[in-house]
Every structure is written in structure tokens, then in C-alpha cells.
Protein chains: 2
Amino acid sequence: MMVLSYDVTIMKPNTKLDELTSFYKLLANESRLAILLALRDGEDNVAGICGQTGLSQTLVSHQLAALHHSDVVRSRKDGRRTFYALADKHIDIIVGFALDHLAEKEVHHE
Amino acid sequence: MMVLSYDVTIMKPNTKLDELTSFYKLLANESRLAILLALRDGEDNVAGICGQTGLSQTLVSHQLAALHHSDVVRSRKDGRRTFYALADKHIDIIVGFALDHLAEKEVHHE
DNA sequence: ACATCATATGACAATACCATCATGTGTCAA
DNA sequence: TTGACACATGATGGTATTGTCATATGATGT
């Protein structure tokens, strides 16, 4: 039972397969993905991310908490703001490759 | 529900975000991921995949149908068997990079 | 034709997930 | 210290996904 949602207890994955699944679950949501894509352009604070994505503050905070908990993003506090950034270059590359995959699919389909 | 205002045209198009989310949803399940990892070693038929993963025939068929429907795997029939394989090299690479990401995380954590 | 093998499909209960509302916590300025 | 600001957290209803059971389809051998 692998639970990812912010409103339920987050469980530590035991196996590699579990870990990999948990990782992809984080990417498998429109809101979280929008946030990650926004962060590809560089770090931003919560309000900024809300502006970039059009999502509510509450939702963004929840999703960032989930992403942060799994070390997909890192955070830095500055006064009453919190800035978030992609944790490492892999995230960026993985998203890039996925976009490539989708592009290639389109070509084959016509 | 994800609502993006029209004046935020700097963002990636809605459809791309949607597509990317759908793609990751396919990878965000232990059974499907186990199947994809099994197929990294080369094509295999349903019974073979069941053997490699320990999953039931019904479940494997269901998940393969989902993966096939989204062109993540391709199929080839031979008599009464159906052989499945990863649709393109991108899948392989994406999974590889994700594993790298997890490996790097572990190093940083100890 | 019949039995059997290999795989596919439909329906369904259990569970997981999502977005939202209401509210809480910490920071700064006056 | 009071109020506004920036963000975090808890709970909840609605919805989507998961895996299983029962059953269907199609190919092969006798």
C-alpha cells in the first residue's frame, strides 16, 4: 500500500521497485508536474509558482510539501517567503526525455 | 481542477501538460513498472512476463493493454502467443535516469 | 468438432488520490 | 501588540485507479 497524497501518512518505500513507483507517482499529477515545469526556469517562491501555474496557494503548498518530502525539490527560506527549486539535474533531464518521447510518438502517428 | 488563465501564454500548452501527466501515470504503478523493467531485457510474451514479475495473467494482460493503448509497448503475435516489447528507446532511458536519480539521492543521504 | 492453451475483456468492491475549505503558524512593519 | 502577509497543515467529499473474479475469444493439436 503505497500512499503518496499529502493528506495521508507518507510511507517509506522498501524496495527499488517501490521507490521508482513512488518517484513516478510524484510526476503523475497535473498540478505537481506544472509546478516542476515552472521550476525548470529556476527557483521561485510559493506565490510566484501560483502565478506561473494558476493554481491556488493551498494546493501549491500541499504539492510542494509532497515533492519536498521526497527530495524532488529543495527549499530555502527568506523572511516570510519560501523559495523552491528542483533538487537535482536528473529531474530536469527526465522531464526533458519524456517530452522527447511524446514528440517522437507524434511523428510516428501521422 | 487545473485552470490556466488565457493570458499566461508563456506556459507550456495545456495539452502537452496533459499528455505528460498521462505518460507518467502509466509509469506510476508497481505492476506496470515491473512489466516495463522486465521488458528492458528484451521482448517477451504474456506468460513470460507473468513468470518474471510474479503477477497474475489477468493483471498482466490488463496492464499491457493500457501500456499498448498509449504506445509505450508494441506487440507482435506469434501463433497463440503475443510478444510485447518497449515501444522505443526513450522508455528505457527514462527509467534508467530515474534509477540514477534514486541512486544519487541515497548517496547524499548517508 | 472438441479440448486445451494463451491471452483478452467486462464488471465490481476496495482503496488511493485530488482539490478544496477552514484554520494554524511564523514573520515583518507600524 | 496588533494586523497583514506568506505559507503550512488538517479534515473531508468526490472521483479515479487497482487488482480480482468470471468469462470470452482465438489459435493449435487430435
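To find a chain, count down the sequence lines: A is the first, B the second, and so on, and within it residues start at 1.
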### Message
Please report the distance, rounded to the nearest Å, between CG in A:Asp44 and P in D:dA6.
### Response
13 Å

### Query
Got a donor-acceptor contact below 3.5 angstrom from the A:Asp78 side chain to the A:Arg81 backbone?
no

### Query
Starting at CZ of A:Arg76 and ending at P of D:dC7, how long is that distance when rounded to a whole Å?
12 Å

### Message
Nearest to the side chain of B:Ser31, heavy atoms from C-beta on, is which of D:dT9, D:dG19, C:dT7?
### Response
D:dG19

### Task
Could you tell me whether the side chain of B:Gln57 has a donor or acceptor atom within less than 3.5 Å of a complementary atom in the base of C:dA6?
no

### Task
For A:Thr58 and for A:Gly79, find the nucleotide of DNA chain C with the closest heavy atom, then tell me which residue's nucleotide is more 5'.
A:Thr58

### Query
Do we see a donor-acceptor contact under 3.5 Å between the side chains of B:Ser61 and B:Gln57?
yes

#### Entry: Heavy-atom closest pair, residues A:His68 and A:Arg74
CD2-CA, 3.9 Å

### Query
Rounded to whole angstrom units, what separation is found between the NE2 atom of A:His68 and the P atom of D:dA8?
10 Å

### Task
To the nearest Å, give me how far apart CZ (A:Phe83) and C1' (D:dA6) are.
11 Å

### Query
B:Arg32 CZ to D:dG19 C1': how many Å, rounded?
11 Å

## Note on the structure
Ranking C:dC17, C:dA8, D:dC7 by distance to the side chain of B:Val46, first place goes to C:dA8

### Message
What's A:Tyr84 touching, base or sugar-phosphate or nothing? Going by heavy atoms closer than 4.0 Å.
### Response
sugar-phosphate

### Task
Find the distance A:Asn29:CG to C:dT20:P and express it as a whole number of Å.
11 Å

### Query
For the side chain of B:Thr53 and the backbone of B:Leu55, is there at least one donor-acceptor N/O pair under 3.5 Å apart?
yes

### Query
At their closest point, which heavy atom of B:Arg32 faces which heavy atom of B:Leu26, and how far apart are they?
NE-O, 2.8 Å

## Note on the structure
Of the candidates D:dG19, D:dT18, D:dT17, the side chain of B:Lys25 sits closest to D:dT17

### Query
Using a cut-off of less than 4.0 Å, is there contact between a side-chain N or O of B:Gln63 and OP1 or OP2 of D:dT18?
no

### Task
Assign B:Thr82 to base, sugar-phosphate, or nothing according to its heavy-atom contacts below 4.0 angstrom with the strands shown.
sugar-phosphate

### Query
Can you find an N or O donor on one side and an acceptor on the other, under 3.5 Å apart, linking the side chain of B:His62 with the base of D:dT20?
yes

### Message
Without decimals, in angstroms, what is the distance between B:Glu30 CD and D:dG19 P?
### Response
8 Å

### Length of the line joining B:Asn45:CG and C:dT7:C1', which is rounded to integer Å
10 Å

### Task
Please confirm whether any donor atom in the side chain of B:Arg80 sits under 3.5 Å from an acceptor in the base of C:dC5, or the reverse.
yes

